[in-house]
Amino acid sequence: MPSAPLVAAAVGARVSLRPNLSLLADRCATPRALARVHAAMIVSGRLAEDAFAASRLLTAYAALSPDPAAAALALLSSLPCAPNSFMLNTTLRVLASSPDPAAAFPFFSRLRVTGALAPGRHTFPFLLKAAARLPLPLPVTEQLHALAVRHGIHLDAYVANGLVRGYSVAGRLRAARRVFDGVPERNAAVYTTMVSAYAQNGRHEDAMAAFDEMVRVGFEPGGAALASVLSACARSASGGLEMGRHVHDLMVARGMAVGTILGTALIDMYVKNGAIKEAFAVLDGLPERHVPGAWNALISGLAHHGHSERALDLFRRMQQEGVPPNATTLVGALSACSHPGLLDEARRLFRSMEKDFGITPGIQHYGCMVDLLGRAGLLSEAEDMIRRMSCEADTMIWGALLTACKNHGGIEIAERAAVEMLKLDPSNHGVYVVLSNLYAEAGRWQDVDKLRKEMKGARLSKIPGASAVDGDGSLEQPESPPPQGNVLV
DNA sequence: TTAGGGTTAG
């Protein structure tokens with residue numbers, strides 16, 4: 001907010017500033033410059049009489065402030081007149097993309113109750129964006145869907161786009177698809193969201209088909225659609241390389257700049273499909289080679305394919321070229337060691353992480369080490385490593401140790417790993433199976449029997465074999481998340 | 001004259 005001296009300074013500039021204030025607000029590069037324009041708007045009376053100028057000010061404040069949500073709300077409450085729907089919707093947008101998207105809902109409820117805002121087709125996209133960013137997106141998305149139907153705007157392409165996104169992040173692909181199919185006039189946004197909704201839910205062939213349709217009906221795919229479809233091509237069981245090449249050709253034909261994100265997506269697509277030469281060619285052709293992203297995709301992809309030496313060579317080349325490795329690079333390099341069991345090389349890398357690269361090991365780095373130690377039969381060392389980790393252990397890492405115990409017959413360590421796994425996931429009956437087999441192999445039949453009784457006590461032996469796969473092969477969550485109450489009043 | 005989409009490596 002403008003200070004008294006700024007207001008005083010603005011009074012002097014009153015006449016000359018008046019015509020261009022809203023344009024000036026757009027061009028301000030610093031909050032201080034903006035506060036000066038704001039002050040001028042106050043003294044000229046422009047803020048009170050011109051909703052357009054006030055709106056530009058709000059957008060400019062949100063863009064410049066380190067806390068856009070607070071800035072937008074502060075400006076709203078300081079206004080001399082009632083804010084218009086543009087400003088309120090803009091504030092909703094700011095809240096929806098803030099670190100606390102849930103704040104959009106009490107704000108919206110207040111506006112509805114007081115009648116300050118009639119929700120329209122610019123309101124729902126922001127509310128749905130906030131809903132999609134909640135830990136449990138489904139209940140609010142459903143409530144907003146119902147509300148949009150009541151307002152008769154659920155078929156608007158941007159509203160539908162928000163619904164598709166909300167259902168997709170909630171894992172409700174069929175609902176997302178139904179909304180998408182019902183949109184009479186689709187736009188590039190809703191196509192893009194559909195492509196990424198597939199890609200992100202493991203429906204790679206569907207993502208490729210949606211992309212194909214998007215291009216066929218004449219929409220220009222942007223970076224997000226391209227990155228999503230390339231990700232699908234990288235993971236698809238069949239036809240991924242062909243489609244990926246086609247996408248790459250399309251990018252070249254349209255003269256699109258291949259930056260880090262698309263370059264990384266292309267490399268990932270090629271290397272995951274075994275087209276290693278082409279993956280290297282993309283990396284070598286990238287203009288921005290000093291960022292680790294694209295290197296990481298290639299290193300990890302090579303490691304994934306069992307080309308450990310090439311992955312480690314590339315890791316060394318990266319350092320020679322002065323590209324700083326990050327945490328992901330080290331996951332790739334360590335997993336390259338993992339496949340052929342290069343324990344010494346991995347130990348050296350692990351030690352150098354903090355010392356040479358300033359990277360604190362995370363769960364995935366520890367995971368690689370535990371895997372390597374476990375496969376070498378160094379079970380105690382693996383257990384020590386898990387217990388001394390700076391980060392929280394998960395069931396994956398204890399599971400790696402348990403598997404190693406299974407292969408090397410370490411019953412006592414297996415028992416401790418099982419206890420830790422069951423603490424984290426009491427319903428994991430695979431733990432009992434592994435432990436039971438270990439006891440049986442050692443001829444400890446009393447322990448096998450005891451374990452069986454424990455399983456019965458925990459009702460683990462009679463878990464029904466429910467399937468989460470629908471008739472059409474789509475994966476859906478079998479149950480709704482717990483009710484969360486109506487956040488829309 | 002002001003607003004709406006989406007993304008890569010592990």
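Note on naming: letters A, B, ... go to the chains in the order of the sequence lines (proteins, then strands), and numbering restarts at 1 for each one. Any value given below was found using the heavy atoms of this structure, including those in side chains, with hydrogens, waters and symmetry copies removed.
The side chain of A/Arg235 lies closest to B/dA9 when the candidates are B/dA9, B/dG10, B/dG5. Nearest nucleotide to the side chain of A/Thr328, out of B/dG6, B/dG4, B/dA9: B/dA9. Of the candidate nucleotides B/dA3, B/dT8, B/dG6, B/dG6 has the atom lying nearest to any side-chain atom of A/Ala224. Among the nucleotides B/dG4, B/dG5, B/dT2, the one closest to any side-chain atom of A/Ser55 is B/dT2. The nucleotide whose nearest atom lies closest to any side-chain atom of A/Asp268 is, among B/dG5, B/dT8, B/dT7, B/dT8. Side-chain atoms of A/Ile261 lie closest to B/dT7 of the nucleotides B/dT7, B/dG4, B/dT2. Ranking B/dG5, B/dG4, B/dT1 by closeness to the A/Thr193 side chain, first place goes to B/dG5. Residue A/Thr90 places its side chain closer to B/dA3 than to any other of B/dG6, B/dA3, B/dG5. For A/Arg56, counting side-chain heavy atoms from C-beta on, the closest listed nucleotide (B/dA3, B/dG4, B/dT2) is B/dT2. Nearest to the side-chain atoms of A/Thr264 among the listed nucleotides B/dT2, B/dG5, B/dT8 stands B/dT8.
Near DNA chain B, meaning a heavy atom under 4.0 Å from it, residues 341-355 of chain A has no residue at all. A heavy atom lying under 4.0 Å from DNA chain B marks the following residues of residues 284-312 of chain A, by number: A/Gly293, A/Asn296, A/Ala297, A/Ser300.
Interface remark: the A/Thr192 side chain does form a donor-acceptor pair with the B/dG5 base, using a distance-only criterion of under 3.5 Å. With hydrogens and angles left out, the side chain of A/Asp156 and the base of B/dG4 share a donor-acceptor pair within 3.5 Å.
Among the heavy atoms of the strands lying under 4.0 Å from A/Ala188 is at least one base atom, whether or not backbone atoms are also near. Residue-level contact check: A/Asn161 touches the backbone only, with heavy atoms under 4.0 Å from sugar-phosphate atoms and none from bases.
Atom CG of A/Leu283 is separated from atom CD1 of A/Ile267 by 4.5 Å, given to the nearest 0.5 angstrom. To the nearest 0.5 Å, atom CG of residue A/Leu266 and atom CD1 of residue A/Ile261 are 12.5 Å apart. The CG atom of A/Leu230 sits 8.5 Å away from atom OH of A/Tyr270, with the distance rounded to the nearest 0.5 Å.
Cation-pi geometry between A/Arg186 and A/Phe180 is satisfied (NZ or CZ under 6.0 Å from the ring centre, within 45° of the ring normal).
Classified by interplanar angle (parallel below 30°, tilted 30° to 60°, perpendicular above 60°), the ring pair A/Phe357/A/Phe315 is perpendicular.
Rounded to an integer number of Å, the gap from A/Met194 CE to B/dT7 P is 13 Å. Rounded to a whole Å, the OH atom of A/Tyr158 is 12 Å from the C1' atom of B/dG6. When the P atom of B/dG10 is taken as reference, atom CD1 of A/Ile267 falls 12 Å away, rounded to whole Å. For A/Met256 and B/dT7, the CE to C1' distance is 11 Å, given to the nearest whole Å. Rounding to whole angstrom units, CZ of residue A/Phe86 and P of B/dT1 are separated by 14 Å. Remark: P of B/dG4 and NE2 of A/His122 are 9 Å apart, rounded to the nearest angstrom. If you take OH of A/Tyr167 and P of B/dG5, they are 19 Å apart, rounded to a whole angstrom. We find that CZ of A/Phe315 is positioned 16 Å from P of B/dG10, with the value rounded to whole Å.
At a threshold of 4.0 Å, the pair A/Asp313-A/Arg310 does not count as salt-bridged, since none of the basic side-chain nitrogens sits closer than that to a carboxylate oxygen. A/Asp284 has a carboxylate O that lies under 4.0 Å from a charged side-chain N of A/Arg289, or vice versa, which qualifies the two as a salt bridge.
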Step by step, work out the ring-ring contact (aromatic ring centres under 6.0 Å, His included) result for A/His145 and A/Tyr167.
-> CA-CA 10 Å; A/His145 194 171; A/Tyr167 282 123; 5.6 Å; yes

Under the side-chain contact (heavy atoms from CB on, under 4.5 Å) rule, what do A/Arg150 and A/Leu147 come out as? Steps first, then yes or no, please.
-> CA-CA 5 Å; A/Arg150 252 194 287 162; A/Leu147 195 63; 3.7 Å; yes

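Using a 4.0 Å cut-off, some side-chain N or O of A/Lys272 falls inside it from OP1 or OP2 of B/dG10. Remark: A/Arg165 is not in phosphate contact with B/dG5, judged by side-chain N or O atoms under 4.0 Å from OP1 or OP2. A sub-4.0 Å separation between OP1 or OP2 of B/dT7 and a side-chain N or O of A/Gln200 is present. OP1 or OP2 of B/dG4 sits under 4.0 Å from a side-chain N or O of A/Arg93. Note on A/Lys129: every side-chain N or O is 4.0 Å or more away from OP1 and OP2 of B/dG4.
A donor-acceptor pair shorter than 3.5 Å cannot be found between the side chains of A/Thr114 and A/Arg110.
A/Asp212 meets the salt bridge (charged side-chain N to carboxylate O under 4.0 Å, His left out) test with A/Arg216; sequence neighbours excluded.
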